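These numbers come from the heavy atoms of this one structure, side chains and all, not from hydrogens, waters or symmetry mates. Quick caveat: nothing in here was measured; it's all calculated off a predicted structure. Numbering of residues begins at 1 and proceeds along the displayed sequence.
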Amino acid sequence: MKTSISRRAPWLVCTTLAALVSATLRLWQLLTIFEGPLSLPIPNAAPSITLACTLVIAGACFVLLAAYQPLSKRPWTQGQAHRWDRIFLAPSDKVYPTLVVTASFFVLIAVPILFIRGISQWQAYHQAKLLGQQFSDNVVLTIAMAVMALLSFFGLLQMGRYSFYAGQRSQGGFSATLPGIAGCIWLMEYFRSHAADPVLWDYVPQLLAIMCGMLFYMDIAGMSTSAARPRRLLWLAGMTVTLSAISLVTQARAVFLLPSGTNLLFEQGDLLGDLLLLATQTLVALATLWRLPPNLEYPPTIGSPFSPPSKEVYDRQEDPS
């Protein structure tokens, strides 16, 4: 177990540090650099420059960690006993499935919020049409986002469930594809609703967080196919946590500053939904950083494609010394 902790510690420490520093800088930025009735940012403000530099440094640190990440020298082809689609099997590890299953329930909570928001917008759209008014949003993306959020719940729940079934071929690739597609729709919806926003710092960090999370889910799905890129997946996991921390601060502050009496569920469901979806991808990325580094160097040993190893085999792999 000590060896496993030492393998994952650099990723967890660097990611946590980058996320905390970035979130603190984002809060500093929100509190100091926006002014005027339109909350326009002050050009070349110290918080903005410092935050941008921090993200570049964090990305570079993750590149170095990924470059020196030890990988097993055993073959990882479909015909071999060690397969990429079993890389997240962890019957003796309770942290990974706990984080993933918790994330799945976060997205489940977001489903009714997104549906309520979509239905209210749909009603406003049809009322505007009856009055002959122009309405730019037909709410299709909002409803599609709610549907995909529900499918994401089942996908993430399956990812956590498969980690307990050692020796069976994982279907995690398909499961991770569901939140990846949901992220794609989320990205389109968020860009559509903020494309006219003149304050780029208000929504660009969120766009980056959504894009990074979407690519992260797609790379998890790629681990079950010939498109496995484990080092890139670790880099995306670290950046997903860092960028999501920035957006979580932004969304949480927006909720905190809402006028008293505002109905958060019906009037600002997009804020609450974004909070839950960001928390979801943060937890899944942390789960990946917890489980993947030691498994890449000491992968699960499967005697045959369908013969499950004993729990003792995995315990020995956790401490190969």
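Hydrophobic clustering, with ILVMFWY side chains joined whenever heavy atoms are under 4.5 angstrom apart, groups M188 together with M218. The cluster map of Ile, Leu, Val, Met, Phe, Trp and Tyr, joined by side-chain heavy atoms under 4.5 Å apart, puts L20 and W290 in different clusters. Note on L99: it does not cluster hydrophobically with V13, by side-chain heavy-atom contacts below 4.5 Å among ILVMFWY residues. No single ILVMFWY cluster, assembled from side-chain heavy atoms under 4.5 Å apart, contains both L64 and L71. Hydrophobic clustering, with ILVMFWY side chains joined whenever heavy atoms are under 4.5 angstrom apart, keeps I49 apart from V21.
Within the 4.5 Å cutoff, the side chain of T32 has heavy atoms near those of the P47 side chain. Counting heavy atoms from C-beta outward, Q206 and T250 have side chains that stay 4.5 Å or more apart. In this structure, the side chains of V147 and I185 stay at 4.5 Å or more apart for every pair of heavy atoms. For the pair Q281/L277, no side-chain contact is recorded, criterion being any heavy-atom separation below 4.5 Å from C-beta on. Within the 4.5 Å cutoff, the side chain of I57 has heavy atoms near those of the C61 side chain. Inter-residue side-chain proximity for V101 and L157 is flagged as met; some heavy-atom pair is nearer than 4.5 Å. In this structure, the side chains of F216 and M239 stay at 4.5 Å or more apart for every pair of heavy atoms. Counting heavy atoms from C-beta outward, T242 and L55 have side chains that approach closer than 4.5 Å.
In this structure, L207 CG and C212 SG are separated by 12.5 Å, a value rounded to the nearest 0.5 Å. Here the CZ atom belonging to R8 is positioned 10.5 Å from the CG atom belonging to L289, to the nearest 0.5 angstrom. Rounding to the nearest 0.5 Å places OG1 of T282 at 9.5 Å from CG of L243. The structure places CE of M214 at 10.5 Å from OG1 of T240, a figure rounded to the nearest 0.5 Å. With rounding to the nearest 0.5 Å, the separation of CD1 in I220 from OG in S175 is 10.5 Å.
Exactly one residue among W186, F115, Y190 makes a side-chain contact (heavy atoms from CB on, under 4.5 Å) with M145. That residue is W186.
Looking at R231, its side chain does come within 3.5 Å of a backbone N or O of Q69 through a donor-acceptor pair.
Ring orientation note: the planes of F153 and F105 are nearly perpendicular, at an angle over 60° on the 30°/60° scale.
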Given R117 and T142, is the side-chain hydrogen bond (donor to acceptor under 3.5 Å, both in side chains) satisfied, shown in steps? CA-CA 8 Å; R117 180 70 173 168; T142 306; over 6 Å; no
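By the 6.0 Å contact criterion, CZ on F106 is open, its count of non-hydrogen atoms from other residues, nucleotides or ligands being 12 or less.
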